[in-house]
Every structure is written in structure tokens, then in C-alpha cells.
Amino acid sequence: MQRNAWYFVLPVVAFIISTLGYIVFVDSFHHLGIEANRLEAILDFYPSLPQGSTLFLGESQVREDIDCTKIDELSHTSSCFNLGLAGILPLQLALQKDLIIQTKPKIVVIGVSSVFFDETTNKNDDLFLLLGQDKQVTKDDFVMGLLSEEEKKLVSMNFYERAVYKRKFILPFFVSFFQNLFSGSSSGQEGQADKVNLGAIYDFKNPHFFNSTQNQAELEQKITDPKFKKIFEIENSSARERAAFLYFVKGLQQEGIKVIIIKMPVHPLVWQNVPLSSQKAFDIFISKTAETFGAETLDYEHSYGAEYFNDLTHLNSAGEEQFTNEIAQHLVADNSTRGDSYSIQ
Amino acid sequence: MILILFNSFSFLFFGIAVLLGLVIIKSRDYQYLFLLLASYFFYYVSSGSFFVLVIYITLLNFYCAKWIKSSAKPGWRKTYFILSILGSLSILAFFKYTDFALKTVNTIGTWMGYQANLSLLQLILPIGISFYAFQAVSYVTDVYRKKIEPEPSLLRFALYMTFFPHLLAGPIVRATDFLPQLRSEGIKITPENFKQGMTRIVWGLVKKMVVADTIAKFVMVFFQDPTRFPGSLPVILGAIAFAIQVYCDFSGYTDIAIGLARIMGIIFPINFDKPFFSKSIAEFWKRWHISLSNWFRDYLFMPLMKRKLNLAWLCFSVFVVYAVSGLWHGAGWNFVIWGALHGFFLIFSMLTESWRAKVNTFLRLDKVPRLHNALRVFITLYLVVFSLLLFRLYNAKNIFYAAHKFLWLDLSHLNVQWQSVFPAFQIPLLMMLIFIVVHAITYFKSGMLDRLQEKGFFEWTMFLIGMILILYFFTPSESVPFVYFQF
């Protein structure tokens, strides 16, 4: 081979070196955003979950409103885990069905409100990518049939495609990192999350991300915005999310896992403003689901006054304490009637 | 129809297959035949059945050029010439301007009080038709003017018309530049050509995929509704962003086309030469989309100027050429106005040349040529960027809003204006800044890319690794189609 002929080979060499370099970097790059990082942590956590646990699933309402430390304390166990994740959709939970079943939980508690079935706000497609990364993820025909083409692509990406996709997180991270560096903060992700306690990502007992309270005027302005109000109306929610929810509950019940569906507390302003017909439709949907698959329902939707809320859907610390107590009492009472080991102080 | 884009993996595989084919095939004519078939395949995959249009234009112009040459009588020569011109341009006009004409008739009819409601044909524009139709016109005109001999080989002519690197979005290559290269000993992929071509390709890919596509995020949101952004600052930034996006998008595409051709040993003329450093609008058009500017100069402006030689006619010709150039860019009145505006700028600068020289002397700007040049560059940029607002906005309300904010600076509540674009668009803004710095460096240290091509194994490999890493790390997740495909 002539010396200059090496030039034909060098682009291949350059491609291999840069691809390897990139993949090594991306593989150890985990600044994918708060929620994606929490999902990664949850997926990593599943295999180490003790059998017979009580898992709380749902979106940010569950994450913020349930204190598993307290439940463990009151019930003398250490088997309660709060796996709430902001913006998670029933479809994304359905993809985790087999993973959850493999952990052999005793009870799965799903916290719901109409917002849980809404895809117009907080839809985080990156979660599909991370779910696809896990080989145990549920990819049966039913679930795959509910996914859009784009979501299917994300769930089915191979190692290289996933690595290339992850580039979207890199530049924003570094920009944010340098911004914070110059403004005196310590890391890129804090900037995005605005005063978020990053340790909460890996907290499966009592994770708290929100710490600010909205005043009455802000809340009123929010709930009177037709776009925002719409997310509380179940008839505007996504049919495929409702189907995925049914599938998820059914799948757990079939494996002998007790499912409790909690209608999560919402601010009085919500149920004062959302049409009664929507609220009824939501109640009917939840009760029918529970009835069909033998799940238990607990209704706390209207149980808390305005003084217990940080915003329209998340309880403040007093609210959280009271709500957790009520849930714990219910779990203990429920288990004592069945002769299980839950007892309350 | 699946569009094979230069920045896609499918194109990478296509390119590798073509190059391997050319290496395997030793005979020159079979190489050309292979390349022609590959080009047809490329166009067929991109445009489906429209590929018959390329074949039609190829055959029409090949035979008309032959008949022009063989006709003894000037009348027949002219007839064949007109036939070929009309045959090429009518196809372009039909697909590109029919709906535009119908819409215009409807609008005028409504203004005049008639119930004009001609239904639109909703025609799909065949990709690249504006480029290959113009290329055909240039060829047949050159034959008619006896500047070149008609190409005797249909194979070589067909390859000239459809050579895939320049088929979809130019550059508009002249027969005088292209055909003689095919008459040599065939395609040899030499290490030198390969190296030069690859250097240009990766440079073009970075321009398109990293710079243009990142900035596109801001451009798309801003131009959707500029009235949502308060004050002048977002309008200025939006207009600059679009100028950078369109430049990096198109010059990036051109770099890839030039690089691909170069690998095969075919040299295309440059199409962009640091246009943002032009000191006048006339110079801008000598540096921006050079192949198109030269086409309009040689095939529209010069013939017009041959008719009369006076100032009024010169101004009229300039105006017509630029308005038509605007129309070439898109079937819409905003494009015509954009082109006409450039014509107006040019006429204004011609008419005020002596007056401006006096002002410069009075201000002693001629004593500080650097400052004078910087001022000229700034004014030219200001006019170019302003005109691009008209190019990109289709809605009269938005055009008036943006133009007003651009021309009459409103810098009140500057922090509110800044917050409307930052931090929401911090990454596109950062990319704009990086582009400006790199562009300035490559301008002041001209020939950087050429020097890179001369580097040895190690430096060149490091350059490639660096460029590929930039592509990996900074290409946005959503790819944006090449802007000039729509033309």
C-alpha cells in the first residue's frame, strides 16, 4: 500500500476513535434531568427491593404527599417505598409492570388524580428512552400497540442509538454548569431544578422536590386558565393512558398483588372550578377500574382544606403528615383484619 | 418518497457504495454510466416519479444544443434555442409558480370586487428543479452563443445534468467547468482528492448539523410569531439568527457537495466566500450563492444590458434581475420584495457613489480605511439582515412589526426584551456567538481549510476526530431539512 493510501483509512480510524470516546463519555454521563435521573435510580433500585414491600407509585403528588419513613415507623416495618416520579404517565408505568412484579411486592398503591392521565403537560419522552434501556421492561403487543411510532423508536433504541440520543442532555448541562459556576452555584443540575434537593432523586422513603408555596391569587389565576383547568377534566385526557392504567392494574392483580388506588387530595379550588360532570366521570372511571379488577379505592380527593396545600395538587408538610397518617392507619387496619403483621402505635 | 439527506446515515451508505463502485469499475464510460445510474437512483429515492423531469430536461437540451450547432440558418438556431429555453423554464414555471399565479389572480380579483376563486392545483415542487433547469438554460445558451461546443456524448451530458452531489441544491455548475473534467481519463479516487473532499465534507456537516440546526430552534419559534417578543432586541437577534442559519445551512450543503465531487476528482467552483464581510451589497452578491449570482449576471443582466446603455436602463435591469432572483428563491411576494429590495439597495449605492465619496472625505474616513471598511461591512450587514426579515416572514402583520422594530430601535425595558430570549434560547444564542467568532477567525486567517488539507496523517486525523466529536456532542436531536431544498 502506498504511503498516501492511508488517507483512505484514516476517516474510519477517526470515526472509531471518536465514537469510542463519545460512548465512554456518555456512558458515564448521568445529568439527564431530575426526573430522568430519578427514573434511572428507580430502575436500578427495583432489584434490591425486599419482597413483600408496599410500593407507592404515581406522579409528583405521590412523591410529595407520602412519607414512607412515617408509614414504616407507624407500622413497625421497613417495607414502604415511595417511587413517585413527576410527570410519569400510566403508559410508562405499564412498561414497568414486569419489573414491578419481579420485585414481588405485597401491596402496590397507585396515587391518581385526573392530571395523571393527561399528556398535554409534563409529558417526558426521555423516560421512554430510559425505560427501553432496561431489558426487563414490558414490551408485549398491547403496550407496544399503545405507543406512538416515536415512542416505540425510543423504547427500542439500541446501545449506539441511545448514546447518540443522549447528546441532547450534554450541551444544556454544560451551559447550565458554567452559568452556575459564574453565578456561584455548584453544579449544572441544581440550576435547572431551582433549589431542588438533589438527594431526593435517590430517596425512596420521603422524597421532596418542591419547597415553595403559591398564594391564593396565584392559584386562582392558574385554575381559571382554561388550558390549565382542562388537565383536570378526565374526558380531555388520553384514552391510551386510561387503557394503560387498566392494563397495569389488571396485570398486578393477576399476579396476586394487592392494588390500592388512592384518589389523591387536590386543592378545594380545583373541585370548585372543575365541572361536576368531569369529577363524576373521573370517579366512575376509578370505581369501575377498581370493581373490574378487584382493587381497593381510597378517596381523599376532597378531604383537605386549602391550608394543607403548597399549590393546587401538592400538600404542604402539615398536609403530608396528616395524609400519611391516614394512609398508614388504613394499611395497618387493613392488614390486621387479614392477620398480617402491620400494627399501629 | 424518502429524502436521502447529505447528513443522514442512508446517504453515508449510498456514498460509500458509489465510491466503491467507482473504484471497482475501471473503464471510464462504465464509471460514468454507473455514476449516472446512481444519480438517477438518488433522485428517484428523493423525488419519486419526478425523476422523469430530469430525463426530459436532459434530452431536450442535449438535442436542442446539437440542432443549434448543426443548423445552418440563424432562424432555426433561434427556434431550437427558444424551444429548449421554454421547454426547461416552462416546467419550472408550472411546478413552482402556478399556484402563486392563481393566488395572485384571486387576490387581485377580490380587490377589484370580483368573486375570484380559482382553485389551486396544490402542486408539489420537484426537489432541485430550480437548480437543474437553470443549469440546462446556461448550457444551451452557451452553445447558442458559441461559447462552447455541444457535448457529443449523451452519457456525459446526462451526468453533467444529474451528478448527484449538485442535483438537489446546487451549486449551479456551468458546462464549461464540468464537461471538460469528464473528458479526461475518468474518475480516479486519489488520496489527495479524498483528503481534500473529506475535509470539506466534515466541515460542511458541522456547519449544517451543529450551527444551522441549533440556531434553527430559535429561528423557528421567533419567526412563527415575532409579535410575541417585546422590543427591538429579539427582532435583531432573530434576524441575525436567521442570517447565520441560512448561511450555515446552504454553505454547509455546498461544502458537502463540493467535497463529494472533489473525492471523485471533479472540482466545483466555490459558492460562498465569507459574504458577511462584504463591504457593499454588490460585493455581497459576489460572495453569496456565487453560482446563482453569476447565472443571473450572464444570462439575464448581460442580455438586458445589450439592449440599451444608459443609466435608467441600467437601474431598470438591476431591479428586474434582483426581483427575478427573489422570485427564483420562492413563489411568494415576500421573496419578490426581498429581491427587489436588494435591487433598490444596489441602485441606491450606484446613484449615490460620488455623494458618498464626498461625505467620506468630509468625515476623513478615507484616512482611516480600516474604520471605513468596518463601517461599510456593518451597514451592508444591517441591510442584508433586515432584508432577510422579509425573506422569512410571510404574514404582512408580522413583517410590519418586525421591520418597524428593526428600523426604529425600541430598547425600552431592555431586561424584559433580553428575558424573552434568554435563557429560553441560550444555546442557539451561544451558538451564534461561537459562529461569529469562528467566522471572523476564518476570514482574517483565510485559507485555514486549505492549509488543513495539506497537513499530515496525525494532524488530519486529529481534525477529523475533533469534527466527529463536535458532531456527536453538539448536533441537536431534531434535524432540520436543508433550507434551500424548498427553492
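Since the model is a prediction, treat every value here as computed from it, not as a measurement. A, B, ... follow the sequence lines: proteins, then strands. Residue 1 opens every chain.
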I'd like to know if A:Glu151 pairs up with A:Arg240 as an ion pair, taking the criterion as any Lys NZ or Arg NE/NH1/NH2 lying under 4.0 Å from an Asp or Glu carboxylate oxygen. yes
So that I can tick it off, tell me whether A:Lys168 and A:Asp126 are bridged by a salt bridge, with the cut-off set at under 4.0 angstrom between side-chain N and carboxylate O. yes
Close contacts, residues 193-207 of chain B versus chain A, judged by heavy atoms under 4.5 Å: B:Phe194, B:Lys195, B:Met198
Would you call A:Lys152 and A:Glu149 a salt bridge, taking side-chain N to carboxylate O under 4.0 Å as the test? yes
Aromatic contact, A:Phe173 with A:Phe29 (centres under 6.0 Å): yes
Does A:Glu161, at its CD atom, have more than 12 non-hydrogen atoms belonging to other residues, nucleotides or ligands within less than 6.0 Å? yes
Please classify the contact of B:Leu464 with chain A as side chain, backbone, both or neither, using a heavy-atom distance under 4.5 Å. both
I'd like to verify something: which residue of A:Thr19, A:Val13, A:Val175, A:Ile17 has the highest number of heavy-atom pairs under 4.5 Å with chain B? A:Thr19
Chain A contact via B:Phe473 - which portion, at a heavy-atom distance below 4.5 Å: both
Below 30° counts as parallel, above 60° as perpendicular, anything between as tilted: where do the rings of B:Phe9 and A:Tyr160 land? perpendicular
Less than 4.5 Å to any heavy atom of chain A: does that hold for the side chain of B:Thr214, its backbone, both, or neither? neither
Chain A contact via B:Leu469 - side chain, backbone, both or neither, heavy atoms under 4.5 Å: both
Once the angle between the rings of A:Phe177 and A:Phe174 is folded into 0 to 90°, is it parallel (under 30°), tilted (30 to 60°) or perpendicular (over 60°)? perpendicular
Side-chain donor or acceptor of B:Ser39 paired with backbone N/O of B:Phe164 under 3.5 Å: yes
Scored by heavy-atom pairs under 4.5 Å with chain B, the best of A:Gly21, A:Pro11, A:Ala163 is A:Pro11
Taking side chain as everything from C-beta outward and backbone as N, CA, C, O, which of these in A:Leu171 sits under 4.5 Å from a heavy atom of chain B? Side chain, backbone, both or neither. both
Please identify each residue that fulfils salt bridge (Lys or Arg N to Asp or Glu O under 4.0 Å) with B:Arg262, with sequence neighbours left out. none
Can you check whether A:Leu89's main-chain N or O pairs, donor with acceptor, with A:Gln92's side chain at less than 3.5 Å? yes
Please state whether the side chain, the backbone, both or neither of B:Ile263 comes within less than 4.5 Å of a heavy atom of chain A. neither
